[in-house]
Each structure stands twice: as C-alpha cells, then as structure tokens.
Amino acid sequence: MILTYNKFSVAGSALVFAWLLNTTIAHGQTKVPQLGKNTVKEVIAAMTLEEKAMMVIGGGRDAAPSAFTDGSMVGNTSFRIPGAAGVTNAIPRLGIPAMVLADGPAGVRMDVRRKNDDHKYFATAFPAGNTLASTWNPEVVKRVGEAFGNEVKEFGADIILAPGVNIHRNPLGGRNFEYYSEDPVLTGEIAAAIINGIQSNGVGTSIKHFAANNQEANRAGVNAHITERALREIYLKGFEIAIKKSSPWTVMSSYNLLNGTHTSERRDLLTNILRNEWNFKGYVMSDWGGKATNWVEQVKAGNDMIMPGNNRQIQRIISAVKHDSLDVKTLNTSVERVLNIIMRSPSFSAYKFSNTPDLKAHAKVSREAATEGMVLLKNEKEALPIKSTQAKVALFGNISYALIAGGWGSGDVNKAYTISLAKGLTNAGYTLDKELSDPYQQYNSNYRNWNKELLITDELIKKKAAECDIAVLTIGRNSGETKDRDLDYDYYLKPTELSLIERTAEAFHRQNKKLVVVLNLCGPIDTKGWREKADAILLAWQPGMEAGDAIADLMSGKVTPSGKLPDTFADDYNDIASSANFPGLPYDNPSDVIHQEDIYVGYRYFDTWKVKPAYEFGYGLSYTTFGFSPLKVSSSVVKDNLKVSLTVTNTGNVAGKEVVQLYLSAPGKISNKPAQELKAFHKTNLLQPGQSQVVTFDLPVNTFASFDNIQNAWVAEAGVHTLKAGSSSRQIRQTVEITIPKTIVTQKVNSVLHPQTPIEVIKPK
C-alpha cells in the first residue's frame with residue numbers, strides 16, 4: 001500500500017521513519033478498517049499505540065513559541081488556513097483526516113496573506129461577545145452564528161474555538177469583550193444561540209474556557225479559590241445551560257488552577273460534572289501551551305486532547321501506557337471521543353470549501369446585530385435621534401474617526417475594513433464639520449497617535465458650538481488576551497478625555513445645543529463626574545466592522561435602540577464586590593485569587609446590599625415606551641413546572657422592541673439568597689405603536705432551586721417566592737407571588753471541587 005502524510009501527521013523525523021516502518025511491516029498489503037466504513041471501535045482496535053497517542057495530542061508542531069511570560073500562547077499553523085490556531089493529527093491508512101481548528105469568537109481568525117497567492121483573505125468581524133449579549137435576543141445571535149459558521153466552513157476550518165462564556169466577575173477582565181455577561185442565565189442562552197447557529201453549518205464549536213478563567217493576570221498559573229456553590233450557581237451555570245441546549249462539539253479546559261488543581265487535570269470537573277451530570281458527548285481539549293504539564297493526568301481526567309501538541313507529549317503518553325501509569329482503556333475512550341467528532345467534520349467528508357463566503361450578506365447580519373446590541377444609557381430632552389439629516393455635526397474624539405471593531409489577541413479578526421463613525425454619519429446624510437474632522441483624520445493617520453487624544457483648543461470648540469447643530473464625542477477602550485485593563489487610565493477616563501467632555505458640553509450648552517457621547521468600549525468604565533454633562537449617551541460596545549453605520553442607524557432613528565446592559569455599571573469601582581480581590585495576590589503577578597464575594601457577582605451584590613449603581617444590570621432606554629400587563633401564572637402553588645405570561649404593549653409613538661426580564665426572589669432560610677436573580681428573559685418582536693405581544697415563560701421546578709453544599713443537591717426551598725417582570729433589574733413592572741409547599745430536592749449531584757481551605761465569604765445581614 002502507498003502511504004502519504006502531511007507534516008502534521010506525526011512529529012519528528014525519527015518518529016515518522018519508525019512509524020512508517022512498523023505500520024508497513026505490521027499491515028503490509030492487508031486491508032485495514034476505515035473510519036466511517038467500519039465502526040469506531042474497530043478502527044481503534046486496528047490502531048498502534050503510537051497512533052492512539054497521536055489522536056490525543058494536537059498536530060500543531062509548527063506552532064510559534066510562546067511570547068507570553070505565563071507560558072500560554074496564541075496558536076498559529078500554516079496548514080490549510082494560514083493563521084488558524086492548530087490541527088489534529090491525520091492517520092491516512094485508517095481514513096482519519098486532520099481537522100483544522102481556528103480562533104475567533106467574533107469571526108474566523110486567519111492570515112490575510114497566503115504563500116504564492118496574491119489574493120487577500122478577509123473574514124467578517126462580527127460584534128464582540130458582550131455586544132451580542134446586550135441584544136438579549138437569541139434569535140439575532142443565532143443568525144450571527146449561521147453567518148459565522150458558514151465562513152468557518154467555506155474557509156476550510158472544522159472547529160471554531162468559540163464561544164467564550166466565562167463570567168464578567170470584574171470589569172477589568174481583559175477578555176470580557178469576548179465573553180457575555182456577569183449573569184450565567186444570559187450567558188448560557190446567548191452562548192447556546194451562537195453555537196446552534198454556527199453548528200447548523202456542519203462545523204463545530206469549542207465552548208471555553210472551562211472553567212473560572214475570569215482574568216488574564218497570570219492566567220496560566222493563578223489558583224482560583226471558589227466555593228462549590230459559587231462554581232455551580234455562577235461560574236459553571238452558563239456552561240451547563242449552553243451545553244445542554246446546543247451540544248457543542250468540544251469543550252476547551254482553561255489555563256488556571258481551580259481550588260489547587262489545573263482544570264485540565266480535574267476529573268471531578270471534566271468527567272463527573274461535564275459528562276456524568278451534564279451528559280456532554282463531545283471531546284475536551286486543553287488551551288494552547290498551558291503550564292499544566294502532567295499530560296497523563298489530563299487524559300485520565302477526561303481532557304481528551306492536548307493542544308497545540310508536540311512529539312514529547314506523544315512519547316509521554318506511549319510511555320505511560322507501556323509502564324502501566326495510563327490504562328489503555330482510558331486512552332481508547334479519549335480516542336473514541338475524538339474520532340466521533342472527526343466523522344462529523346467537513347474534512348472527513350472532504351468538503352470542497354470555496355474560500356469565498358458571502359461577506360456582503362454577512363456584513364448586513366453583523367450590522368443588524370450591532371444595532372440591537374447597543375444600549376442607550378441617557379437621552380434627555382430627546383437629544384437622540386438627530387431628526388434632521390441636514391444637521392451639521394461637530395464630531396470630536398480620535399475614536400470617532402477610527403472605531404474599535406473588537407479586541408486583540410485570539411479574539412481579533414483580520415477584516416477588510418471598519419466603518420468609522422465619521423463615515424457612518426456621512427453615509428446617513430449628515431454633514432461633518434471639516435475644520436474639525438480634517439485635523440482628526442490627519443492625526444489618526446499616524447498609528448503612534450491612536451492612544452493620544454488630539455488636543456482641541458477652547459477657541460475651536462466655541463467656534464464649532466456656534467456653527468454646528470450638535471456635538472458628538474466618542475470615548476474608546478480596547479483590551480485583549482494576556483493583560484487585564486488598567487484601573488487608573490482605562491476604567492477611569494483620562495484627564496484629556498474629561499476635559500474635552502467638559503469643555504464641549506459647556507460650549508454647546510451655552511448655545512442651547514446638545515452633546516451626545518458615544519462609548520466604543522470593551523467593558524464598563526467609570527461615568528461619575530461626566531455623565532451629567534452629556535445630553536445623550538450611547539453605549540456602542542465593540543460592534544464589529546459595520547460599527548459606524550450601525551451607530552448611525554440608531555442616531556438617525558432608522559433603528560430604535562433596544563439593547564440592555566449585560567453588566568452593572570458601578571457608580572464607584574470600590575462598590576464592585578470583587579474589587580478588593582481582583583486580580584489576586586501578589587497584585588503584579590497573582591498566584592492566588594480568592595472569590596470572597598461568592599455568589600454575589602454583579603447585580604446580585606448591588607441589589608442584595610442595596611448599593612446604587614450608575615446603570616443597573618438589564619438597563620437600556622428606547623425611543624418609545626412599553627406597558628406590561630399583570631403577570632399570570634398557571635398555578636399559585638408550584639409542585640413541578642410553572643407557566644408564566646404577560647402582555648407587552650408599545651405605548652409610544654415609534655416602533656421598537658422591549659426585553660421582558662423575569663427575576664426571582666426566593667426564601668433564604670436554608671441558605672442565604674440574593675435579593676433577586678434573573679431566571680428567564682424574552683425580547684419582543686418589533687412592535688408598532690399600540691401593538692401588543694404575549695410573552696410566555698415555561699419554568700421547570702429546578703428554576704427555583706439553589707445549590708446546597710450540605711446536601712450536595714439543588715434544592716427548591718419551601719415558602720413564598722416572588723416572580724418579578726421588569727425592563728431592568730431595578731425597573732420592576734409587575735410581580736406575583738407563588739408558593740412551594742414543601743422543599744424539593746430537584747437534583748442530587750456529586751460532592752466535588754472543594755476549596756483547599758475554607759473561604760470566608762461575604763454574607764448579607
């Protein structure tokens with residue numbers, strides 16, 4: 001038989017020679033099982049030990065050496081898709097192809113240039129994760145996933161390393177833009193939507209980073225100390241919801257340690273919870289090049305593939321089996337999981353990818369999602385929309401002319417363009433003041449100036465206030481992999497930014513004209529001390545490549561804002577429950593981070609301790625108004641499932657969408673409880689003035705359950721529970737009380753993930 005191999009099939013020339021020799025002698029001209037024609041177990045039975053080891057070690061031998069001090073890396077391979085993150089190993093004699101894995105929570109991450117090819121390859125940069133979460137609209141997010149997944153397939157990849165669903169524990173988290181929310185229910189529902197959309201194309205996803213990877217500071221070495229209850233209710237719940245509702249092909253274990261052990265080595269996490277409790281059927285892979293180097297223990301734990309992979313890891317697995325430290329049955333189980341996924345892949349079906357997905361159509365999807373994900377934070381005296389398309393706009397701020405589509409690192413996308421706000425407003429028909437815009441354009445043409453605000457004199461601001469109809473000023477923030485945000489000059493505004501806002505507001509208000517501030521952000525910032533100076537504040541987040549047009553759609557009134565905050569904006573950073581314990585100690589390179597806030601993350605803390613935020617979780621204004629009818633329940637006594645409904649009516653003058661947020665306040669006799677928790681939500685259709693829609697929620701009894709450490713169970717406590725329907729966590733419109741007559745154990749689970757030492761967690765009085 002003739003055997004052919006690409007350079008990713010095996011690692012190292014010596015291994016190649018030995019493997020070729022052994023398999024040729026062993027198998028000669030005899031027929032061997034073929035994946036897809038024979039059963040997976042028959043294929044595994046025909047494998048050599050070397051081949052089995054190759055299946056659990058990635059094929060990324062050409063991955064660039066890590067440049068990060070924590071030992072982690074951003075993957076890179078030149079196989080099939082230059083710039084993709086990695087590959088799996090191929091075994092051609094058994095009909096096993098290599099799969100390509102690409103980074104990109106906001107679009108396919110790949111190189112623009114390819115060898116001996118003059119064509120430039122761009123992908124769509126979709127809105128960042130927190131922007132998608134702000135839509136509170138799984139249907140729109142699924143459409144993003146469908147477009148996204150088409151590009152994954154047409155560019156030749158098999159699995160996209162997304163979505164990231166880690167919780168926004170603290171607003172300084174460097175990769176919060178990739179993730180969704182401070183709340184696990186919103187996180188899980190949005191993640192499920194994008195996974196279902198992507199995988200509808202016949203390609204896979206890798207939900208990540210499992211689990212408790214909530215910071216970038218020493219992300220590969222920090223030990224996260226968290227109670228089992230907080231893990232199950234907050235940090236694992238989003239994963240659980242998404243996995244049960246969408247069945248991602250793979251799960252990526254995280255870099256960090258969790259209660260003393262690397263997550264990739266925790267059998268209680270990867271097997272007891274993920275597979276036995278949640279019934280996950282795919283395979284688990286490690287993050288790229290982490291510090292967890294006990295590769296045998298990782299396989300034993302249920303981490304089926306170690307990425308990006310090298311020859312030393314293959315040899316270690318072989319040696320472990322030969323010397324009885326790894327049972328071959330355990331190895332076979334991991335191989336079987338990997339092969340089951342390979343059989344579902346485009347590579348297995350030899351799909352002829354085009355390299356030409358419909359980028360124009362996908363740009364429209366990106367723009368639609370971006371408009372739904374933007375949040376109107378303030379709008380006094382109808383400053384927005386800018387009603388006259390003849391308005392002359394004084395456009396301030398570097399970022400107005402160079403909007404940030406998304407963050408950096410493995411979450412970045414090489415896109416053909418990003419539409420600036422200047423371009424978007426011009427496209428919408430507005431006139432920009434050239435005396436202001438020309439200097440900004442010229443200043444921004446020098447990349448060294450991107451983080452230095454152009455200095456605008458008082459005289460010029462006063463002149464523009466007299467000549468222009470309205471001022472628009474953009475503040476930008478970006479972040480990414482390997483580094484958390486800075487508190488002093490990233491979360492807080494810089495003195496130059498504060499000065500520009502103050503001077504512009506003063507000059508335009510003297511002329512009885514308005515100031516609109518646009519926030520192009522990777523995460524929440526401080527708004528105290530300047531928000532009262534703006535007449536309107538539009539939070540655009542990082543809206544992808546169609547950014548400027550999407551913002552202009554809202555500012556012109558073409559689209560009515562309907563986004564809601566997925567995070568709390570604190571009035572003071574020190575009000576955030578994790579502020580004293582982020583990113584851990586020692587501060588410069590933390591080895592340990594203690595989650596003393598326990599389950600009281602985000603609004604759970606603010607609402608329970610009655611701390612007033614700047615803008616609460618779920619908050620967002622509209623150009624119209626909505627009425628909520630009283631809540632109806634199928635029964636006032638809950639024994640199993642409960643149906644809840646209400647009618648939403650557009651009571652304003654323009655068409656719009658509203659998000660109905662359903663919160664639960666539960667008794668706290670068995671264990672302490674937050675003041676309220678989000679349990680379900682629904683975004684209405686586009687309602688015309690006077691139009692109504694009935695919104696219905698089906699709540700299984702486990703909706704009412706909290707985790708009880710003593711019983712190792714989810715428990716719905718007896719007593720009176722209050723359901724609250726609102727347009728934010730602080731704008732509750734309707735309530736209804738229901739009773740659980742007898743405490744119900746809804747699920748008994750394993751006793752796992754215990755902290756090494758007791759954690760002194762905060763508790764409400």
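This is a predicted model, so every value here is computed, not measured.
- Around NZ of K763, the count of heavy atoms belonging to other residues, nucleotides or ligands within 6.0 Å does not exceed 12.
- For the 3.5 Å distance criterion, the side chains of Q542 and N478 qualify, holding a donor opposite an acceptor.
- Between the T703 side chain and the P700 main chain, a donor and an acceptor come within less than 3.5 Å of each other.
- The main-chain N or O of E760 is found under 3.5 Å from a side-chain atom of Q596 such that the two form a donor-acceptor pair.
- Taking the six-membered ring where the residue is Trp, the centroids of Y180 and W541 are separated by 6.0 Å or more.
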Can Y255 and E216 be said to form a side-chain contact (heavy atoms from CB on, under 4.5 Å), step by step? CA-CA 10 Å; Y255 282 129; E216 289 301 285; over 6 Å; no
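- For the pair F582 and N214, the tightest heavy-atom approach, listed with the atom from each and the gap, is CE1-O, 3.8 Å.
- Ion pairing of E277 with R232 is present here, as a side-chain N (NZ or NE/NH1/NH2) and a carboxylate O approach within less than 4.0 Å.
- Rounded to the nearest 0.5 angstrom, I342 CD1 and I159 CD1 are separated by 8.5 Å.
- Taking CZ of F280 as the reference point, atom CZ of R337 lies at 9.0 Å (rounded to 0.5 Å).
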One pair to check against side-chain contact (heavy atoms from CB on, under 4.5 Å): L257 and H262. What are the steps and the verdict? CA-CA 4 Å; L257 293 89; H262 279 284; 3.5 Å; yes
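- Within the 4.5 Å cutoff, no side-chain heavy atoms of I759 are placed close to those of D598.
- Under the 3.5 Å distance criterion, the side-chain polar atoms of E189 are left unmatched by any main-chain donor or acceptor of P138.
- Salt-bridge annotation for R275 and D304: present, with a side-chain N of the basic residue lying under 4.0 Å from a carboxylate O of the acidic one.
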Might you work through the side-chain contact (heavy atoms from CB on, under 4.5 Å) test for V56 and V335, ending with a clear yes or no? CA-CA 6 Å; V56 300; V335 172; 4.1 Å; yes
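- Looking only at side-chain heavy atoms (C-beta outward), L753 and L258 come within less than 4.5 Å of each other.
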Could you please spell out the steps behind the side chain to side chain donor-acceptor pair (under 3.5 Å) verdict for K281 and S247? CA-CA 8 Å; K281 297 299 185 183; S247 299; over 6 Å; no
Would K237 and E240 count as a salt bridge (Lys or Arg N to Asp or Glu O under 4.0 Å) if you check the C-alpha gap in whole Å, the side-chain angles of each, and the deciding distance to 0.1 Å? CA-CA 5 Å; K237 178 58 71 173; E240 180 182 7; 3.1 Å; yes
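- The residues R344 and D158 are annotated as not salt-bridged, no charged nitrogen and carboxylate oxygen being separated by less than 4.0 angstrom.
- E597 and A577 get closest at one heavy-atom pair: CB-CB, 3.6 Å.
- The pair E139-K142 does not count as a salt bridge, with every side-chain nitrogen at least 4.0 angstrom from each carboxylate oxygen.
- Looking at S706 and E717, their side chains never bring a donor and an acceptor atom within 3.5 Å of each other.
- With hydrogens and angles ignored, the 3.5 Å screen pairs a side-chain donor or acceptor of R267 with a backbone N or O of K300.
- Just one of F569, Y605, F606, Y603 meets the ring-ring contact (aromatic ring centres under 6.0 Å, His included) condition when paired with F617; it is Y603.
- Put simply, the side chain of S479 does not reach to within 4.5 Å of the side chain of N176, judged on heavy atoms.
- Distance check, rounded to the nearest 0.5 Å: CG of L161 to CD1 of I207 gives 12.5 Å.
- Panel note: side chain W136, backbone K564; a donor-acceptor pair is recorded below 3.5 Å.
- Figure legend: K208 and W288 shown without cation-pi pairing, the cationic atom not lying both under 6.0 angstrom from the six-membered ring centre and within 45 degrees of its axis.
- Between Q298 and L270, the closest side-chain pair of non-hydrogen atoms is not below 4.5 Å.
- Pairing each heavy atom of A230 with each of I599, the nearest pair is CA-CG2, 3.8 Å.
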Between Q756 and N223, is a side-chain contact (heavy atoms from CB on, under 4.5 Å) present by the stated rule, with each step listed? CA-CA 11 Å; Q756 297 155 281; N223 183 14; 2.9 Å; yes
Verify side chain to side chain donor-acceptor pair (under 3.5 Å) between Q199 and S246, making sure each step is shown before the conclusion. CA-CA 9 Å; Q199 294 191 169; S246 66; 5.9 Å; no
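- For D567 (side chain) and G602 (main-chain N/O), no donor-acceptor pair under 3.5 Å exists by modelled atom type.
- Judged by distance alone, the side chains of S410 and E481 do bring a donor and an acceptor atom under 3.5 Å apart.
- Contact check for F697 versus V660: side-chain heavy atoms found under the 4.5 Å cut-off.
- Taking CE of M55 as the start and CG of N332 as the end, the distance is 13.0 Å to the nearest 0.5 Å.
- Counting only distance, with no hydrogens or angles, the side chain of N256 and the backbone of A211 share a donor-acceptor pair below 3.5 Å.
- When all heavy atoms of V203 and P346 are compared, the closest pair comes out as CG1-CG, 3.7 Å.
- Within a 6.0 Å radius of NZ in K643, other residues, nucleotides and ligands contribute 12 heavy atoms or fewer.
- For the atom pair OG of S264 and CE of M285, the computed distance is 13.0 Å after rounding to the nearest 0.5 Å.
- Here the straight-line distance linking atom CH2 of W249 with atom CD1 of I195 works out to 13.0 Å at 0.5 Å rounding.
- At a threshold of 4.5 Å between non-hydrogen side-chain atoms, the residues R175 and N166 do not count as touching.
- Side chain of N218 to main chain of P590: a donor-acceptor pair is present (N/O by atom type, distance under 3.5 Å, no hydrogens or angles).
- Side-chain contact between L269 and L236 is present, with at least one heavy-atom pair separated by less than 4.5 Å.
- Nearest heavy-atom pair across E616 and L565 is O-CD1, 3.5 Å.
- Within 6.0 Å of NZ in K679 there are more than 12 heavy atoms belonging to other residues, nucleotides or ligands.
- For the pairing with E182, the side-chain hydrogen bond (donor to acceptor under 3.5 Å, both in side chains) check across T187, N170, T568 returns one residue only, T568.
- At a threshold of 4.5 Å between non-hydrogen side-chain atoms, the residues M252 and L101 do not count as touching.
- No side-chain donor from either of T135 and K683 sits under 3.5 Å from a side-chain acceptor of the other.
- Put simply, the side chain of Q676 gets close to the backbone of S729: a donor and an acceptor are under 3.5 Å apart.
- Of the candidates D287, N213, N303, S253 forms a side-chain hydrogen bond (donor to acceptor under 3.5 Å, both in side chains) with just one, namely N303.
- Distance alone, capped at 3.5 Å, places no donor-acceptor pair between the N276 side chain and the W278 backbone.
- In terms of heavy atoms, G620 sits closest to V375 at CA-CG1, 3.7 Å.
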